[in-house]
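Per chain, numbering begins at 1; letters A, B, ... match sequence-line order.
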Protein chains: 2
Amino acid sequence: MNGRTDRLTGDPLGDRAPGERADAARNRARVLAAARTLFADGDPRSVTMEDIARAAGVGRATLYRRYPDPASIAQALLDEHERDLQQRMMSGPPPLGPGAPPAERLAAFYAAMVDLLEQHLPLVLGAEVGPARFATGAYGFWRAHVRALLAQAAAPQVDALVDVLLAPLAPDVYQYQREQRRRTPEQIAAALRTLAAGVLDGG
Amino acid sequence: MNGRTDRLTGDPLGDRAPGERADAARNRARVLAAARTLFADGDPRSVTMEDIARAAGVGRATLYRRYPDPASIAQALLDEHERDLQQRMMSGPPPLGPGAPPAERLAAFYAAMVDLLEQHLPLVLGAEVGPARFATGAYGFWRAHVRALLAQAAAPQVDALVDVLLAPLAPDVYQYQREQRRRTPEQIAAALRTLAAGVLDGG
DNA sequence: CTAGCAAGTGGACGCGGCGTCCGAATGGGT
DNA sequence: ACCCATTCGGACGCCGCGTCCACTTGCTAG
C-alpha cells in the first residue's frame, strides 16, 4: 500500500511504531539522542526532564507524553543492548549460551554483565532509581536465567541464592568498585568467576 | 573563654555534648524521636526535612544546623546499633567475635547483618541515598572485617571479592527479598551462609 | 540578681524541578 | 484542499530545598 519512506536512517532506535506520525518519530529520535549525550557526560543521576527537553529542543510535555521520568528514557536507550545480551544467553554459543556446565555459564553471564556495565555505566546508573531496578523486565530475565543455572547444578537454597548472586551486579556497586576502588573490569569479572565457582562447584 | 566543642554528630537521645545548651539538647531529642517515628511508619525514602521539622515542632533551619538531609538523621539513629554490632565483632564471643574459623565468622557476620536489617530496615533504607552507602564509616568497617576474614582464609581475589560479598547486604536487596519475594530472614541468612561456605570452604 | 553576649531558633524568601493543562500547530487520510 | 485527530510546548501551580536574618533563649561574668 503505502511505501513509507524511511528518511531517518541515522535514528538510534530506527523503526517507528505503525501509525506514528512523522513529527512524533522525529522528536523521539531527538529526545533519545539528546538524552544519550546528557547521560554520558555528567552525573547520570541528576539529569532532569527539563535538561533533556531543552537539549532536544522540545517542550517538556512532549517528553512526558512518552516517558514518565529520566530513568525510563535511560531504560529505553539500554533496551536494545539488554535484548541483544538476552538473545546471546538464550541461543548464542557456549559458554554464555546453552551447552556449557552451569558454573561456566554463570561465570560467562557475569562476564557479559560486567561488559554491559562497563560500556553503558552512565545509562545503567541513570536507569536505576532506587528499587526500580528489581521492577525492570531485565532483572526478571537475569533472575530466571541464574535460577535455572542454580537448579541445574542442584545448588542448595536456589530461590534465596538467586538475588544474592545478582546483588554484586547492582550498578552502584560496580561504579564504586571502578571509581572508588580503582578496580579493573577484569578484576571484577575474576572475583565474580571465583564466586560462581565457589557456589556451584565447591561448597 | 568557653572551650565549646560543637559535636555535629547527632548522638541518639541520651547525653548532651559538653557546652551544649539545654534548648539545643531538648530540640535534638525531639527531632530524633520524631524522625524515628516518621521513618518507621511510611516510606522512609520520601521523608522530607519539612516533615521532620513539623513533627518535631521545630523550624527547618534548626534541622539544617545539625543535619544536612533526612538520610543523615536516619544515620544518627542507626549509629548506636551499628556501633554495638561492631563491638561484638571485635571483642564479642565467637563465632561473631574472634576465635572461630573465618568461614564461620563470615556466616555469623551475615546473620548479624540480617538481624540488623530486619530490626531497622526503615532506618537503613532512609539512611541509604544512592552511593552514600559506600561513604558511610560503617561500610568501611564491614569491609575491613570481611577483608581480614578473606585474607585469613587465604581466599583468592581478596580485594575484589570483598565488595562482591557485601553487595547482598544492600538495604534495597534485602527489602526486595523480604517484601517482593516474601522470603524470611532465616532463608536469607541461610543463603548467605551457603555463600560464605562456598567461597571460603569450597571453591 | 542582672546585664550582656553568643549560640540557637524559626519564619520567610528565592530557586528549581515536577507534572499537568489547554490553546495552537501539524500531519495524513479523504 | 479540507478536516479532524494527534501531537506539541509554553505556562501554571505545587512542593521541597537550602539560606538568610531578625528575634529569642540560655549561660555566665560582674
Side-chain angles (χ1 to χ4, degrees), chain A residues 1-8 11 16-35 38-39 42-74 126 129-130 132, chain B residues 1-11 15-35 38-39 42-74 76 126 129-130 132:
Chain A
M1 296 284 243
N2 183 1
R4 195 172 272 147
T5 23
D6 202 359
R7 303 189 294 118
L8 303 171
D11 188 341
R16 67 198 222 207
E20 186 183 31
R21 268 171 46 169
D23 53 348
R26 172 174 39 84
N27 277 346
R28 200 186 42 179
R30 278 188 190 171
V31 164
L32 291 176
L38 284 178
F39 280 119
D43 174 16
R45 298 177 127 94
S46 59
V47 172
T48 163
M49 286 299 249
E50 185 154 7
D51 291 339
I52 301 174
R54 200 175 329 115
V58 152
R60 294 196 309 120
T62 304
L63 246 60
Y64 278 106
R65 165 167 292 271
R66 249 187 277 287
Y67 309 101
D69 47 49
S72 68
I73 301 181
V129 173
Chain B
M1 299 304 174
N2 187 353
R4 57 171 305 106
T5 29
D6 266 74
R7 298 186 51 190
L8 293 184
T9 60
D11 34 19
D15 42 7
R16 71 193 226 208
E20 185 183 34
R21 270 172 43 169
D23 54 348
R26 171 173 41 84
N27 277 345
R28 199 186 43 184
R30 278 186 189 172
V31 164
L32 291 176
L38 283 178
F39 281 120
D43 175 16
R45 297 177 128 95
S46 60
V47 172
T48 163
M49 286 299 249
E50 185 155 7
D51 292 338
I52 301 175
R54 199 177 329 116
V58 153
R60 292 196 307 123
T62 304
L63 246 60
Y64 278 106
R65 166 168 292 270
R66 264 195 261 319
Y67 309 101
D69 47 48
S72 68
I73 301 182
V129 173

Starting at atom CZ of B/R54, determine the distance to atom P of D/dC15, rounded to an integer number of angstrom.
11 Å
Tell me whether the side-chain N/O atoms of B/T48 come closer than 4.0 Å to OP1 or OP2 in D/dC15.
no
Contact under 4.0 Å: B/T62 side-chain N or O vs C/dG8 OP1/OP2:
no
Between C1' of C/dG10 and CD1 of B/I52, the distance in whole Å:
16 Å
Starting from P on D/dG10, measure out to CD on A/E50 and report it in whole angstrom.
11 Å
CG of A/N27 versus P of D/dC8: gap in Å, rounded?
5 Å
Let me know the distance between CZ of A/R66 and C1' of D/dT6, rounded to the nearest Å.
11 Å
Do you know which two heavy atoms are closest between A/G126 and A/F39, and how far apart they sit?
CA-CE2, 4.0 Å
B/Y67 and B/R28: which non-hydrogen atoms are nearest, and at how many Å?
OH-CG, 3.8 Å
Output for pair (A/D51 CG, A/L63 CG), nearest 0.5 Å, gives 10.5 Å
Using the side-chain heavy atoms of B/A61, tell me which of these nucleotides is nearest: C/dG10, C/dT20, D/dC17.
C/dG10
Report the distance from atom CG of B/L63 to atom C1' of D/dC20, rounded to the nearest whole Å.
17 Å
Between B/R26 and B/V47, the residue closer to the 5' end of DNA chain D by nearest nucleotide is B/V47
Using whole Å, report how far CE of A/M49 lies from P of D/dA11.
19 Å
To the nearest angstrom, how far is A/Y64 atom OH from C/dG17 atom P?
11 Å
So which nucleotide from C/dC18, D/dT7, D/dC17 ends up closest to the side chain of A/R65?
D/dT7
